[in-house]
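Below, chain A is the first sequence line, B the second, and so on; all start at residue 1.
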Amino acid sequence: MPDQLLFGMEVFLNGLMAGVLYALVALGFVLIYKASGIFNYAQGVMALFAALTLVGIMEGQVPFSHLINAVFGTEVHHFGWHLPAVVGIVLTIVVMVGLAWAVNHLIMRHLVNQEPIILFMATIGLAYFMEGLGDLMWGADIKKLDVGLPQGINTAIDEVTFNAFGYGFFIDNLDIWATIIAIILVIALMIFSQYTKQGRALRAVADDHQAALSVGISLNFIWVLVWSIAGFVALVAGIMWGAKSGVQFSLSLIALKALPVLMLGGFTSIPGAIVGGLIIGVGEKLFEFAIGPMVGGATENWFAYVLALIFLVFRPQGLFGEKIIERV
Amino acid sequence: ELFIPSLTYRSGPYAANGIPTADGYADYLTLLNERDGGIGGEPINMVECETGYNTEKGVECYEALKGQGALVFHPWSTGITYQLIPKATADGIPVHSVGYGRTSAKNGEVFRWVFNYPANYWDGASIAIKHILDEEGGSLEGKKIALVYHNSAFGKEPIRTLEELGAMHGYELVLLPVDHPGQEQKSQWLQIRRERPDYTIMWGWGVMNQVAIQEAVNIRYPMDHFIGIWWSGSENDVKPAGEGADGYKALTFNGMEQDYPIFEDIQKYVVDKGLAAGAGDQIGTVLYMRGLYSALMTTEAIKKAQEIHGTAQVTPAMVRDGYEALDITQETYASLGLPGFGPDIKGSCQNHGGQGLGAVSQWNASEGKFTMVTDYIEANQDVIQPLIEADSMAYAEENGITPGCD
Amino acid sequence: MLDQSEGYVTEDGRKIGAVVMEMKNITLRFGGVVAIKDISFDIREGEIRAIIGPNGAGKSSMLNVISGFYIPQEGEILYKGSKRPQMKPYEVARQGIARTFQNIALFEGMTVLDNVMTGRLNHMKTGMFQQALWKGKAEREEVENREVVEKVIDFLEIQNIRKTPVARLPYGLKKRVELARALAAEPSLLLLDEPMAGMNVEEKEDMSRFILDVNDEFGTTIALIEHDMGVVMDLSDRVVVMDYGKKIGDGTPDEVRNNQDVIDAYLGVAHD
Amino acid sequence: MFYREAGDFKTSYVDDNQTFPIKFDRYRYYAVLAVAFGVVPFFINDYWANAVLLPFLIYAIAAIGLNILVGYCGQVSLGTGGFMAVGAYATYKLMTAFPDINIFFHIILAGGVTAIVGVLFGLPSLRIKGFYLAVATLAAQFFLVWLFNRVPWFYNYSASGQINAPERTVFGQAVTGPATEAWATYLFCLVFTVGCAILARNLTRGTVGRKWMSIRDMDIAAEIIGVNPLTAKMTAFAVSSFFIGIAGALFFAVYLGAVEVGEVYGINKSFLVLFMIIIGGLGSIFGSFAGAAFLVLLPVLLKNLLVGTMGWPTDLAAHFELMIVGALIIVFLIAEPHGLAQLWRVTKEKLRLWPFPH
Amino acid sequence: MLDAGQTQEKLLEVNNIEVIYNHVILVLKGVSLSVPKGGITALLGGNGAGKTTTLKAVSNLLHSERGEVTKGSITYRGERIADLDPAAMVKKGVIQVMEGRHCFEHLTVEENLLTGSYTRGASKGDIDADLDLVYSYFPRLKERRKSQAGYTSGGEQQMVAIGRAIMSRPETVLLDEPSMGLAPQLVEQIFGIVKDLNEKEGLTFLLAEQNTNVALRFAHYGYILESGRIVMDGPAAELRENPDVKEFYLGMSDEGRKSFRDVRSYRRRKRWLS
Ligand SMILES: Nc1ncnc2c1ncn2[C@@H]1O[C@H](COP(=O)(O)OP(=O)(O)OP(=O)(O)O)[C@@H](O)[C@H]1O
Ligand SMILES: Nc1ncnc2c1ncn2[C@@H]1O[C@H](COP(=O)(O)OP(=O)(O)OP(=O)(O)O)[C@@H](O)[C@H]1O
Ligand SMILES: [Mg+2]
Ligand SMILES: [Mg+2]
C-alpha cells in the first residue's frame with residue numbers, strides 16, 4: 001500500500017479515537033439538554049471540578065487549605081493519605097450528587113418555565129462560580145491524575161499492523177479504554193432514556209416544564225437525577241482528559257471541542273453524541289492531514305465547526321436530533 | 001519609598017504558572033525589605049495587581065498603578081506588554097519583559113522605555129540550534145527539525161530565526177502549529193511519528209505543554225531530543241506525564257540549583273516571619289526562580305539608578321537610566337547569594353536586551369527537578385541582530401519614532 | 001350547486017361576486033398521514049365561506065395550503081382566475097391574503113400596537129437607511145400607517161390595551177388582537193381559523209359582529225373555520241364540510257345542515 | 001407618586017412615537033447627555049478613561065449590536081469576538097492604506113465591511129435555529145480568528161503578527177496612538193456610542209424593528225403574515241455586525257492600540273458581550289448600556305473593594321470575584337429573568353403606583 | 001366511592017385568595033369557592049376573569065408563572081396545600097388539565113399518555129388497561145398513537161391532554177376549558193366522559209369553561225367569576241334559569257336563541273362589578 005494511504009488510515013483511526021473523547025464530553029451536554037432543554041455551559045467546568053475533586057480526595061488534599069491558612073494563619077495542606085482510585089471515584093460521585101442537589105435547589109428550581117436563553121445564562125453564572133470555587137477549594141496548580149488506566153502506544157496493534165503493512169499504527173491505550181467506557185456509557189444511557197419511566201419523564205420535562213409539573217413529574221427529582229448523571233459523565237470525561245493533560249484549569253475548555261459534536265449529532269440524541277464525535281474526530285484529523293499543510297495548519301478548531309455547520313444546513317436538527325416542530 | 005507594582009496572574013487559565021512566578025518576585029523584594037531595609041535604605045512598596053492573564057485587566061492595572069507612581073512594570077504577558085509599550089513610552093515608565101514580549105524591543109534606540117533582559121525568543125531559537133549542533137558534533141546537514149508551536153504571535157516568533165539558521169546549517173524545518181488551547185494534538189504528533197524529525201523544538205504555553213509532552217511520551221519520542229523554550233520548561237509541564245518525561249530538555253536563562261545560599265535568607269527573613277507570598281510552597285521551582293531573577297534584575301537596575309543619580313528615592317526616568325547602565329556579572333550573583341545563577345548582563349542605550357545567553361536544562365523525573373546540562377550559550381547575534389534591526393525600524397517608521405539615544 | 005361563473009345574491013340581499021380563489025383537487029400528505037384528499041372548492045368575492053369538520057379533518061391544513069405554508073402534493077390553486085405558481089408564504093401575504101391562527105400566533109414580546117402595526121408591513125416601503133435616520137419619510141410613513149391601525153383598533157375596541165405587551169392578555173383579547181393584525185393589512189381575502197374558540201356567548205356575539213362588519217364595510221372575502229354551529233350557520237353564506245381529509249358536503253348552511261353524511265360525521269344531532 | 005405620567009397627554013402620533021414619551025424620562029435623558037458631553041471630559045483622567053469609560057462605551061456599542069441580533073431578531077450568535085476582529089482588522093488595513101482619510105470614516109467603513117462578513121455568516125440562520133445556530137456561529141468565531149492569525153496580509157506582514165494603531169487625529173487631536181489624551185478618546189467613543197444608540201433606536205421602533213421582533217417571537221407566523229425571513233434576518237445580521245464592527249474597531253484603535261487577535265477577540269469576548277445583553281435585558285437598548293456597565297464596572301469595583309479596601313490577597317480576591325460575579329448573575333436572573341431593563345421597568349411601574357402596592 | 005352525585009363533604013376549599021403576577025399585577029381579588037366531593041363544579045366567566053389563575057392557584061402551578069397567592073388559603077381535605085409542589089398535588093390526587101393543551105410535542109401520543117401514569121406505582125398490566133380505557137374513550141387517539149403529539153390537530157391534542165390526566169387515576173380533576181376547539185360532537189362526548197367518570201369512578205371535577213351552555217348542563221354547581229371576583233354562585237339548575245346568566249352567558253333572550261346575525265350592535269358588556 002502507498003504510504004499516504006497508510007498514514008491516512010492511521011489518521012482515520014486516531015480520528016475515531018479522538019472523536020470518542022469528544023463524545024464523552026458531549027454526552028454530558030446531551031443529558032441535561034434532553035431533560036430540561038438547558039444548554040449547560042457549565043459542563044466543561046463540571047468536568048474540571050470533578051477531576052479536581054477526584055485528585056484532591058485521592059491525594060488527601062485539604063479543601064480550601066489556602067483560604068484556611070490565610071484566615072487562621074495555619075499551615076494545613078494534606079491529610080496525609082493516599083486513597084485508591086475506586087474509593088476516590090465513589091467519593092467524587094457523592095460530591096457530584098451533592099452538587100446536583102445544590103444546583104437544583106439554589107438555581108434551577110427558581111427558574112422553572114423560563115426561556116432557554118435565560119437558563120443558559122444561569123449555567124454561565126454557575127460556570128463562573130464553580131471556576132472560582134474549584135480554584136479556591138483545590139488550588140490552581142497542575143495535578144497529575146492517575147487512576148491506573150494504561151497510556152501510550154498499544155504494542156499489539158503496532159506489531160500486527162507492522163507485520164501486515166510494514167508500518168506500525170499508533171493507537172493510544174488510553175483511547176482504547178475511552179472507547180470501551182464510552183460505549184458502555186452510551187448503551188446504558190440509551191436504555192435509561194428510551195425505555196424507563198424516568199427517561200420518558202425526562203423528555204417530557206424538556207418539552208414543557210409546566211405540563212410536566214401538571215402531570216405530577218417532580219422537576220426537583222428529575223433535575224437532581226440528570227445533573228447527577230451529567231456530573232458522573234463529567235467525571236469520566238475529566239478522568240480521560242485529565243490523564244492527557246494533567247488536571248488544570250484548561251480542562252474546562254474541552255467543552256469547546258464537544259460543541260460541534262453536539263450540533264452534528266443533535267442536542268437531544270445520546271447515540272448522536274457518539275456518531276457526531278466520530279465524524280468530527282475523523283473529519284478534522286483527515287482535513288488537517290490532507291489539506292492542513294496547504295493552508296498553514298491548525299485548522300482543527302474551526303474545521304470541526306464548519307463541518308458541523310455544513311451538516312446542519314441540510315439537517316437543521318443534527319443527525320439524530322428530534323425534529324424541530326414547525327407548525328402554526 | 002520605592003513603589004514597584006507586580007502584575008500577577010494567580011487566577012485564570014495560566015494560574016499554575018503565574019503563582020510561582022509571582023511568589024518568587026514578591027519574596028525577593030520582601031527579602032530585601034526585611035534584610036536590607038529596602039534598596040539603598042529606601043523601603044520597597046510592592047503592590048500586586050491581578051490580571052488573570054487578561055489584556056484588558058492588565059490595562060486597568062496599569063492605569064491604576066501608574067497614577068500611584070510605579071517605577072517599572074513587569075507585565076508578565078506578551079499581550080499586556082504590547083499594550084504597555086506605547087502607553088508606558090508616552091508616560092515615561094520603564095517596562096521590563098523578562099524573556100517574553102516584543103523581541104525587537106532589544107533595540108533601545110527605538111524602544112526607549114522597554115527592556116527585555118536577559119534574552120529573547122530569537123536568542124532562544126538560536127541557542128536551541130546551537131545546542132543541537134553541539135550534540136550532533138557540529139553539523140546539521142540533512143537533519144530534520146520540527147517546531148511545535150502555539151499558533152499565536154508568541155509561537156510564531158522563532159520561525160524566522162529558525163528558517164535563517166536552517167539555511168545556514170542545512171537542516172529541514174517542519175512547522176507544526178497547535179491552535180489554542182492545545183488539548184488535542186494527535187495530528188501533530190502522528191506527523192512527528194511519521195516524519196521522525198531528529199529534533200523537536202517546542203514553543204508552547206499552558207496546557208499545550210503538558211499535552212505535547214504526554215503525546216511525545218506516548219509515541220516514544222526520544223525525550224532528550226525534545227527541547228522546549230523557557231516557558232515550556234517548568235515542573236508543571238512535565239509532572240503530569242510522569243516517569244516518561246524523564247530526559248526532556250528546556251531552555252533557561254536562570255539557574256535552578258537547590259542549594260543557593262539565598263535560600264537560607266529567604267527562610268529566615270521571609271518564610272519564618274510568615275511573610276512568604278502565596279502559600280510558600282513554590283520556593284525553588286523553576287518559575288519561582290524566574291520570578292526571583294526578574295526581581296533581582298529590577299532591583300539591580302534601581303541600585304544603579306540610585307548610584308547614577310545619587311538619590312535613594314528614584315523616579316521612573318532614573319530607573320530607565322539604571323536599566324540602561326545595568327551591569328550584572330558573576331560577582332554580582334555571588335554577592336547576592338546566588339552564585340552562577342544567571343548570565344552576565346550588560347546593558348546600554350542601544351542594547352535593552354542583554355547578551356542573549358541561555359542554557360539548556362533537563363528534567364530528571366526520579367529526582368523531580370530540572371538541572372542545567374550546559375553552560376550559558378551565546379545566541380548567534382549575527383543572524384539575530386539584523387532581524388531585530390529590521391523589525392524595530394519598521395515599528396519606528398510606522399509610529400513616527402526617530403531612533404536614537406537622548 | 002350554485003352556478004360557477006356569475007355571483008349570486010344572498011337571502012339578506014348582499015351581492016356575492018365571482019370566484020376569487022379556487023382550490024382544485026388538492027391532496028396533501030404528511031408521510032403516511034393524508035391530511036387532505038383530493039378536495040376542490042371555491043371562494044367567491046365578498047362571501048363568508050365556512051369550513052367545518054371534525055377534529056383532525058384537515059381544515060387548518062387547508063388554510064395553510066392557501067397561505068402557502070404547506071405545499072400540496074397534488075392539485076392547483078387558482079387565484080383571481082389564474083393559476084398561482086408556487087409561492088413563499090410572505091409572497092402570498094403580499095397578494096392581499098391575511099389570516100389568523102388556531103393556536104394564537106401573536107408576537108408575544110411586542111405590544112398590541114406593534115403587533116397590529118406588523119399587519120401593515122406590506123404597505124410600508126421606506127428603506128432601512130431612511131428608517132435609521134427616522135426624521136422625514138420614515139416618520140411620515142409611520143404616522144400614516146398608524147392612523148390606519150388606530151382605526152382598526154377603534155373598530156375592535158382594544159384602545160385601552162394598545163401599549164400592553166400581548167403576553168399578558170387573556171385569551172379572548174388575544175384573539176381579537178390577532179384579528180386586528182389581520183385587518184390592518186386591509187386584505188382582500190381574510191382567513192380565520194377558529195376565531196371564536198375559547199369565548200363565551202357574549203364575546204362570540206361581539207366577534208360575529210366584527211366579522212360581519214368587516215365583510216359589509218370593506219367587502220372583504222372571508223374564509224372561516226369554526227366549531228360553533230350556531231355561529232357557522234348564522235354567519236356563513238356557504239359551507240364546506242371536511243372529514244378525514246375528504247370533502248363530504250358543500251353548500252348553503254341549510255343544505256349542509258340536512259346532509260346526512262354531515263350529520264353522521266360531525267354534527268351528531270341535527271341542529272336547529 | 002414619584003413617577004407621573006398622568007397629565008402628559010399626546011396629541012399627535014409623532015409625539016406618541018417619541019423615544020421617551022414621558023416627559024420626566026426625556027429630561028433625564030437630556031441631562032445624562034449633557035453631563036456626558038459637557039462635564040465628564042473636564043474631569044476625566046487616564047484611569048477612568050482606560051479602565052472604565054472607554055470599555056464601557058465600546059462594549060455598549062457591541063452590546064447594542066448583539067442585542068439587535070439576539071434580543072430583537074432572536075438569532076443567538078456567539079460570533080461577536082470574530083466580528084469585532086473583522087472591524088479591528090478592517091480599520092487597521094484602512095488606516096495604514098489610506099492614512100490621509102480621517103479615522104472617523106475608517107471606522108464607519110470597517111463597520112460596513114463587518115456588516116458584509118456578518119451577512120455571509122448569517123446565511124445559515126435561514127435554516128438553523130436556536131442553540132444550533134448559536135453553536136454554528138462559533139464557526140465564524142474560530143474561522144475568523146484563525147484567518148487573521150494565518151494570513152500575514154491582514155497584519156501587514158509584521159514580524160510579531162500583532163497590529164498596532166498608528167497615530168491618527170480628529171480636529172488636530174490625536175485619538176489613536178500613544179499620545180492621546182483621555183478626554184479626546186472618550187469624546188470620540190462617546191460620539192460613536194450615542195450615534196449608534198440613536199440609529200438602533202430608530203431602526204427598532206419602525207418597520208424594520210417590527211420585522212425583526214416578529215421573526216424573533218414566531219418566525220413561521222411572521223412569514224405567513226408577510227415578513228420575508230431572508231431580508232429580515234439578513235438586515236439584522238448586517239446592522240448588528242455593523243455595530244459590532246465599529247465596536248471592534250474602536251476597541252483596537254482607540255482603547256487598546258495594539259492587538260493580538262486570538263487573545264483579544266477570542267471566544268471569551270463573544271460570551272462577555274452575550275452576558276451583557278442578557279443581564280441588561282434582551283430587546284432593550286437601555287439594557288445594552290446597563291449590561292455593559294454592570295459587567296465592566298462590577299469586576300473593577302469588586303477588585304477595588306476586596307483588594308484595595310479590605311486588603312485581601314489578590315488571588316483569593318480573584319477567586320471570590322469570579323464566584324461573586326457568577327452568583328450575582330444567577331441571583332439577578334432569579335429575581336428578574338428579563339434583565340436589568342425589566343427590573344427598571346418594574347420599578348417604574350411600582351413608583352407610578354406608589355404608595356399603593358398594586 | 002361509586003355513589004353518583006355530590007356529597008356534603010367539601011374536598012377543596014378556596015378561601016378569599018388574592019393572586020398577584022410579577023409582584024404587580026393583581027388578578028384575583030378575593031375568590032372563595034368550595035368543591036364538594038364527587039361533584040362537578042363549574043367555574044364560569046369571560047375572558048380574563050381569572051378562571052385559569054384560580055385553577056393554577058389550586059394546583060400550585062402559579063409559581064412557575066411568577067404568580068403568587070398573597071392572601072387567603074386553599075385547603076384540600078382540610079389540609080393547607082400552599083407548600084406542596086405540583087407533583088405532590090398530583091400524588092394527592094389533584095390533577096390539572098391545562099388550558100391550551102400543553103402536550104409534550106416530541107413525545108408520541110402514547111408516550112404522552114404514559115407520562116400521565118408517572119406518579120403511580122402501578123404495574124404494567126394496570127397501566128395498559130388504563131391505556132385501553134383512554135383509547136376506548138378517544139378512538140381517534142389510538143389511530144394516531146405513534147405520531148408525535150406536536151403534529152396532531154388541535155382537537156387531537158385536547159384529547160391527549162385529557163387522556164393523560166385520566167391516566168393518573170386522579171381523585172379531583174381541574175379541567176381548564178376542555179371544550180375549546182373541539183367539534184360539537186366531541187364536546188358532547190367529552191362532557192359525557194366527564195359525567196361518566198364522575199358517576200362511575202366518583203371523580204370530582206372543577207371545571208373552568210366558557211361554554212356556559214354545556215357546562216351548566218353537566219355541572220352540579222356553578223360559580224361565575226368576573227374580573228377576579230365571584231359575582232354569583234348557585235346550583236347549576238338555578239343558574240341556568242337566572243335571567244342575567246341567560247342573557248349574557250347563554251345568549252338567550254326571552255324568545256329563545258337569537259341569530260348571531262341579528263345582534264345588530266355591539267353589546268356593551270354588562271358587568272356586575274368593576
Ligand atoms: N403570567 C401572567 N403574567 C401577568 N398577567 C397574567 C398572567 N397570566 C394571566 N394574567 C392576567 O390575569 C388575568 C386573568 O387571567 P386568566 O388566564 O386567569 O383568565 P381566564 O379567566 O382563564 O381567561 P380565559 O377564559 O381567556 O382563559 C388576565 O387579565 C391576564 O392578563
Ligand atoms: N405538519 C404536519 N405534520 C404531520 N401531520 C400533520 C401536520 N399538520 C397536520 N397534520 C395532521 O393532519 C391532520 C389534519 O390536521 P389539521 O390541523 O388540518 O386538522 P383540523 O381540521 O384543523 O382539526 P382541528 O379542528 O382539531 O384543529 C391531523 O391528523 C394532523 O395530525
Ligand atoms: Mg385546526
Ligand atoms: Mg383561562
Side-chain angles (χ1 to χ4, degrees), chain C residues 63-64 67-69 88-95 97-101 103-110 113-115 117-135 138-147 149-150 162-163 166-167 178 181-182 184-185 191, chain D residues 5 10 12-19 21-22 68 71-74 115 126 195-196 198-232 234-236 238-239 242-243 281-284 338 342 345:
Chain C
L63 286 203
N64 282 336
S67 296
F69 180 58
K88 295 262 180 212
Y90 63 89
E91 291 167 322
V92 173
R94 283 198 196 140
Q95 293 194 325
I97 300 180
R99 68 173 285 187
T100 67
F101 302 87
N103 293 318
I104 298 171
L106 283 173
F107 306 124
E108 298 264 318
M110 301 157 73
L113 182 63
D114 278 337
N115 264 281
M117 285 294 282
T118 50
R120 293 213 53 84
L121 284 181
N122 289 326
H123 298 262
M124 299 176 81
K125 299 276 178 280
T126 39
M128 201 171 69
F129 292 99
Q130 276 157 322
Q131 294 250 336
L133 298 177
W134 192 251
K135 286 283 164 215
E139 186 169 26
R140 229 175 308 122
E141 192 186 63
E142 179 89 5
V143 170
E144 283 161 17
N145 283 284
R146 174 81 185 270
E147 275 160 14
V149 163
E150 288 292 341
R162 235 191 241 125
K163 298 265 162 105
V166 285
E178 228 193 350
R181 184 177 69 189
L191 313 173
Chain D
E5 56 179 334
K10 299 291 169 311
S12 77
Y13 293 135
V14 177
D15 286 350
D16 198 41
N17 276 335
Q18 289 178 99
T19 303
I22 299 171
I68 283 180
Y72 284 94
C73 196
L126 291 174
C196 286
I198 292 174
L199 288 187
R201 168 65 198 162
N202 286 344
L203 283 171
T204 52
R205 67 171 148 172
T207 340
V208 181
R210 283 193 292 266
K211 280 187 190 163
W212 291 339
M213 290 190 277
S214 64
I215 289 281
R216 168 195 70 190
D217 286 347
M218 205 175 257
D219 51 352
I220 299 170
E223 186 171 358
I224 291 177
I225 70 163
V227 178
N228 181 345
L230 177 84
T231 50
M234 290 311 110
T235 46
V239 173
F242 176 73
F243 288 164
L282 291 173
S284 155
H338 295 103
Q342 176 71 8
R345 271 194 290 271

Item to check | More than 12 heavy atoms of other groups within 6.0 Å of C/Lys125 NZ | outcome: yes

Checklist entry - If you count heavy-atom pairs under 4.5 Å between each of C/Lys88, C/Glu150, C/Arg140 and chain D, which one has the most? => result C/Glu150

Next on the checklist: Counting only non-hydrogen atoms closer than 4.5 Å, does C/Arg181 touch chain D with its backbone (N, CA, C, O), its side chain (CB onward), both, or neither?
Outcome noted: side chain

Next on the checklist: Do D/Ile225 and C/Phe101 make a side-chain contact, defined as non-hydrogen atoms from C-beta onward lying under 4.5 Å apart?
Outcome noted: yes

Next on the checklist: With heavy-atom distances below 4.5 Å as the criterion, would you say the side chains of C/Arg120 and D/Arg210 are in contact?
Outcome noted: no

Checklist entry - Which atoms form the tightest heavy-atom contact between D/Ala221 and C/Ala105, and what is the distance? => result CB-CB, 3.6 Å

Checklist outcome for this item: Answer key: most heavy-atom pairs under 4.5 Å with chain D among C/Ala185, C/Gly119, C/Pro89, C/Ala182 is C/Pro89

Next on the checklist: Could you measure the distance from the CZ atom of D/Arg205 to the CD atom of C/Glu139? Nearest 0.5 Å is fine.
Outcome noted: 6.5 Å

Next on the checklist: Return the CE to CD distance between D/Met213 and C/Glu108, rounded to the nearest 0.5 Å.
Outcome noted: 14.0 Å

Next on the checklist: At a 4.5 Å cut-off on heavy atoms, which part of C/Met117 comes close to chain D: side chain, backbone, both, or neither?
Outcome noted: both

Checklist entry - Nearest 0.5 Å, what's the CE-CG distance between C/Met128 and D/Asn202? => result 12.5 Å

Next on the checklist: Taking side chain as everything from C-beta outward and backbone as N, CA, C, O, which of these in D/Ala222 sits under 4.5 Å from a heavy atom of chain C? Side chain, backbone, both or neither.
Outcome noted: both

Item to check | Pairs involving residues 222-232 of chain D, ordered by first then second residue, that meet salt bridge (Lys or Arg N to Asp or Glu O under 4.0 Å) (sequence neighbours left out) | outcome: none

Checklist entry - Taking every heavy-atom pair that is under 4.5 Å apart, which of D/Asn228, D/Thr235, D/Leu282, D/Leu203 has the most such pairs with chain C? => result D/Asn228

Checklist entry - Relative to chain D, which segment of C/Ile104 carries a heavy atom at a distance below 4.5 Å: side chain, backbone, both, or neither? => result backbone

Checklist entry - With only heavy atoms counted, which part of C/Asp114 is less than 4.5 Å from chain D, the side chain, the backbone, both or neither? => result both

Item to check | Smallest separation among heavy atoms of C/Glu142 and D/Gly206, with atom names | outcome: OE1-CA, 3.9 Å

Item to check | Side chain, backbone, both or neither of C/Ala98 within contact of chain D (heavy atoms, under 4.5 Å) | outcome: neither

Next on the checklist: Under 4.5 Å from any heavy atom of chain D, what part of C/Glu91 do you find: side chain, backbone, both or neither?
Outcome noted: neither

Item to check | side-chain contact (heavy atoms from CB on, under 4.5 Å) partners of C/Val92, counting only residues at least two apart | outcome: C/Arg84, C/Met87, C/Ile97

Checklist entry - Of all of C/Arg94, C/Glu141, C/Glu147, C/Arg99, which one pairs up most often with chain D through heavy atoms under 4.5 Å apart? => result C/Glu147

Item to check | Atom group of C/Thr118 that falls short of 4.5 Å from chain D, counting heavy atoms | outcome: both

Item to check | Contact origin within D/Ile220 toward chain C - heavy atom pairs under 4.5 Å | outcome: side chain

Checklist outcome for this item: Correct closest heavy-atom pair for C/Phe107 and D/Asp217 would be C-OD2, 3.2 Å

Next on the checklist: If we define contacts as heavy-atom pairs under 4.5 Å, which of D/Thr207, D/Leu199, D/Ile198 has the most with chain C?
Outcome noted: D/Thr207

